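Predicted model, so just to flag it, every value in this text is computed and none were measured.
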Amino acid sequence: MRLFQLHLVESAASIGNRNRIVTGVRFLFRVTLRRHDLAAEIWHMKEPQKLPPVLRPEEVKRLLYMATSLKARAMLTLAYGCGLRASEMVRLRARDIDSEQMIIRVVQAKGRKDQNVMLPAEILDLLRQSVEEAADQARRWRCAGTPLAVSRSH
């Protein structure tokens with residue numbers, strides 16, 4: 001078996017491919033041949049941990065400024081700057097942001113644990129600008145005579 005595994009390494013098969021083949025061989029020994037002693041000696045290879053690519057600061061700025069609206073830029077900046085996952089961003093509410101202590105309370109983060117994340121002042125300013133823009137837009141709609149809710153008579 002060891003010679004077969006060395007052959008797989010020399011044939012330049014990927015680690016995932018080698019593990020699939022070894023799983024089949026292990027099944028053969030354990031189930032078909034009922035040789036549990038041989039099956040116990042077959043090991044899987046661990047996949048190496050790869051670090052994600054890191055963007056340069058100029059690339060991050062360019063990416064964030066490509067957002068089509070202030071709201072989108074605020075959300076992208078918040079996610080990137082505070083290291084929040086997409087699922088955490090979706091569940092984030094205004095009450096989770098503590099501007100006095102400059103923290104964000106992330107409820108049910110990874111591992112279903114609550115955690116506090118630092119909030120940079122620049123991101124807080126961007127969030128406030130976004131909220132002000134949304135409020136201005138709502139005022140413009142109300143001033144234009146557009147009803148906020150559909151009347152019950154329709």
Side-chain angles (χ1 to χ4, degrees), residues 4-27 30-31 39 42-154:
F4 180 65
Q5 286 180 320
L6 289 173
H7 166 71
L8 289 175
V9 171
E10 291 170 359
S11 67
S14 70
I15 292 175
N17 227 358
R18 284 183 254 168
N19 284 339
R20 279 189 283 281
I21 293 168
V22 166
T23 299
V25 172
R26 192 172 186 196
F27 178 83
R30 196 178 71 242
V31 176
I42 299 173
W43 300 96
H44 280 74
M45 296 184 70
K46 288 188 178 181
E47 297 262 356
Q49 295 288 328
K50 296 180 181 176
L51 292 174
V54 178
L55 298 175
R56 292 190 311 266
E58 328 58 80
E59 292 174 320
V60 173
K61 263 187 190 171
R62 211 172 55 221
L63 179 70
L64 294 176
Y65 280 104
M66 288 178 69
T68 56
S69 67
L70 181 61
K71 178 182 175 182
R73 190 168 82 228
M75 294 288 99
L76 285 172
T77 305
L78 181 65
Y80 186 82
C82 296
L84 300 178
R85 294 172 180 80
S87 61
E88 295 166 352
M89 287 295 297
V90 170
R91 287 188 302 245
L92 192 64
R93 302 287 174 249
R95 66 177 176 262
D96 296 332
I97 298 172
D98 186 349
S99 59
E100 289 179 14
Q101 295 183 5
M102 298 300 287
I103 60 169
I104 300 173
R105 179 164 177 78
V106 181
V107 180
Q108 297 290 306
K110 188 172 181 179
R112 296 183 184 241
K113 297 177 183 175
D114 294 351
Q115 67 181 20
N116 291 327
V117 179
M118 292 177 57
L119 176 63
E122 300 85 17
I123 295 177
L124 181 61
D125 292 340
L126 190 59
L127 286 172
R128 285 182 175 150
Q129 289 173 12
S130 175
V131 168
E132 287 174 19
E133 183 180 274
D136 288 345
Q137 188 177 22
R139 279 193 289 276
R140 282 194 302 269
W141 279 97
R142 274 187 249 132
C143 291
T146 306
L148 292 176
V150 178
S151 171
R152 290 183 184 223
S153 63
H154 293 307

Legend entry - Test applied, side chain to side chain contact (heavy atoms under 4.5 Å, CB included); reference residue, I15; option that passes from M45, R20, K46: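 Going through M45, R20, K46 one by one, the side chain to side chain contact (heavy atoms under 4.5 Å, CB included) with I15 is satisfied by M45 alone.
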
Show which side-chain atoms of residues 125-135 pair as donor or acceptor with protein atoms under 3.5 Å away, not counting sequence neighbours.
none

Legend entry - Check ion pair R139-D136 (N to O, under 4.0 angstrom):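 Result for this pair is yes, salt bridge flagged.
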
To the nearest 0.5 Å, tell me how far [X] [atom1] sits from [Y] [atom2].
X	Y	atom1	atom2	value
L124	I103	CG	CD1	12.5 Å
I97	R105	CD1	CZ	13.5 Å
L92	S87	CG	OG	11.0 Å

Legend entry - With R56 via side-chain hydrogen bond (donor to acceptor under 3.5 Å, both in side chains) - residues at least two apart: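 R56 satisfies side-chain hydrogen bond (donor to acceptor under 3.5 Å, both in side chains) with E58 only.
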
Check residues 64-86 and write down every donor-acceptor pair under 3.5 Å in which the side-chain atom is one partner and the other belongs to a residue at least two apart or another chain.
from : atom 1 : to  : atom 2 : distance (Å)
S69  : OG     : A72 : N      : 3.1
T77  : OG1    : R73 : O      : 2.6
R85  : NH1    : E88 : OE2    : 3.1

Legend entry - Closest non-hydrogen atom pair between M118 and P120, with its separation: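 Closest heavy-atom pair between M118 and P120: O-CD, 3.6 Å.
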
